[in-house]
Amino acid sequence: PVLSDVIKRLIDLRRRCCVCPDARVRILMAEDDLYVAKVGKMLTVKLGPRFEMPVELLPNEPEWSLAVAGEDFAVWERVEYQSEPVAAMEEKMRDVGDDGEYY
């Protein structure tokens, strides 16, 4: 895919998942050829050329879905919630205006 298409998909994913600049990032693994982190509660990001990830770090379906992937990166989106209050709160936070601001 064209790089601009990938960037647009990542921007859309960021907005859909309400990832703001000060979102919590929890580093799960950091090695020379593999970096894995959870961003907020909605995204898991894998960077680096290593294809294999430890099974305990691999986001599992149906709770997670591969949202965007390319050469040396992958981003999973959380699609199923463990608790209704969290789901309701996150749904409420997804109100994004035409200017890209969160309301």
Side-chain angles (χ1 to χ4, degrees):
V2 178
L3 184 57
S4 63
D5 292 339
V6 172
I7 292 171
K8 286 177 187 176
R9 289 174 63 197
L10 288 168
I11 290 170
D12 289 343
L13 181 63
R14 178 179 177 228
R15 286 181 179 155
R16 185 169 63 246
C17 293
C18 301
V19 175
C20 58
D22 61 348
R24 181 174 180 226
V25 175
R26 187 166 50 109
I27 299 169
L28 304 176
M29 184 173 201
E31 295 185 358
D32 291 341
D33 57 351
L34 180 64
Y35 175 87
V36 181
K38 286 206 175 179
V39 181
K41 295 183 181 196
M42 298 291 293
L43 298 177
T44 298
V45 178
K46 176 259 180 203
L47 303 172
R50 189 190 316 171
F51 182 75
E52 303 86 17
M53 282 177 50
V55 71
E56 63 272 9
L57 299 182
L58 190 62
N60 294 316
E61 294 179 344
E63 185 178 3
W64 295 88
S65 175
L66 183 62
V68 183
E71 186 174 339
D72 295 343
F73 82 94
V75 182
W76 289 265
E77 176 181 15
R78 190 175 193 168
V79 293
E80 190 174 291
Y81 302 97
Q82 294 180 352
S83 71
E84 289 302 317
V86 171
M89 180 184 72
E90 289 175 346
E91 187 62 36
K92 192 176 186 181
M93 292 173 54
R94 290 181 191 210
D95 189 13
V96 179
D98 292 336
D99 57 0
E101 294 297 317
Y102 298 98
Y103 297 101

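Quantities reported herein were computed from a predicted structural model and do not represent experimental measurements.
The side-chain heavy atoms of Thr44 and Val36, taken from C-beta on, include a pair separated by under 4.5 Å. Here the side chains of Ile27 and Tyr35 are in contact, with some heavy-atom distance below 4.5 Å. Leu13 is listed as a side-chain neighbour of Arg16, based on a closest heavy-atom distance under 4.5 Å. Between Trp76 and Leu58 the shortest side-chain heavy-atom distance falls below 4.5 Å. Lys41 places none of its side-chain heavy atoms less than 4.5 Å from the side chain of Cys18. Counting heavy atoms from C-beta outward, Val79 and Glu63 have side chains that stay 4.5 Å or more apart. Within the 4.5 Å cutoff, side-chain heavy atoms of Met29 are placed close to those of Leu57.
What you find for Val75 and Leu66 is that their closest heavy atoms are O-CD1, 3.6 Å. Residues Met42 and Trp64 approach most closely at O-CZ3, 3.4 Å, considering heavy atoms.
A distance-only check finds a donor-acceptor pair linking the side chain of Arg9 to the backbone of Ala67 [under 3.5 Å]. A distance-only check finds a donor-acceptor pair linking the side chain of Lys46 to the backbone of Gly48 [under 3.5 Å].
We find the CG-OG distance between Asn60 and Ser65 to be 12.0 Å, quoted to the nearest 0.5 Å.
Atom CD of Glu56 has more than 12 heavy atoms from other residues, nucleotides or ligands within 6.0 Å. More than 12 heavy atoms of other residues, nucleotides or ligands lie within 6.0 Å of CG in Asp33, so this atom counts as buried by the packing criterion.
Taking Glu52 as the reference, nothing meets the salt bridge (charged side-chain N to carboxylate O under 4.0 Å, His left out) condition, with sequence neighbours excluded.
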Audit row: Lys38, Leu43, side-chain contact (heavy atoms from CB on, under 4.5 Å) steps and yes/no: CA-CA 6 Å; Lys38 286 206 175 179; Leu43 298 177; over 6 Å; no
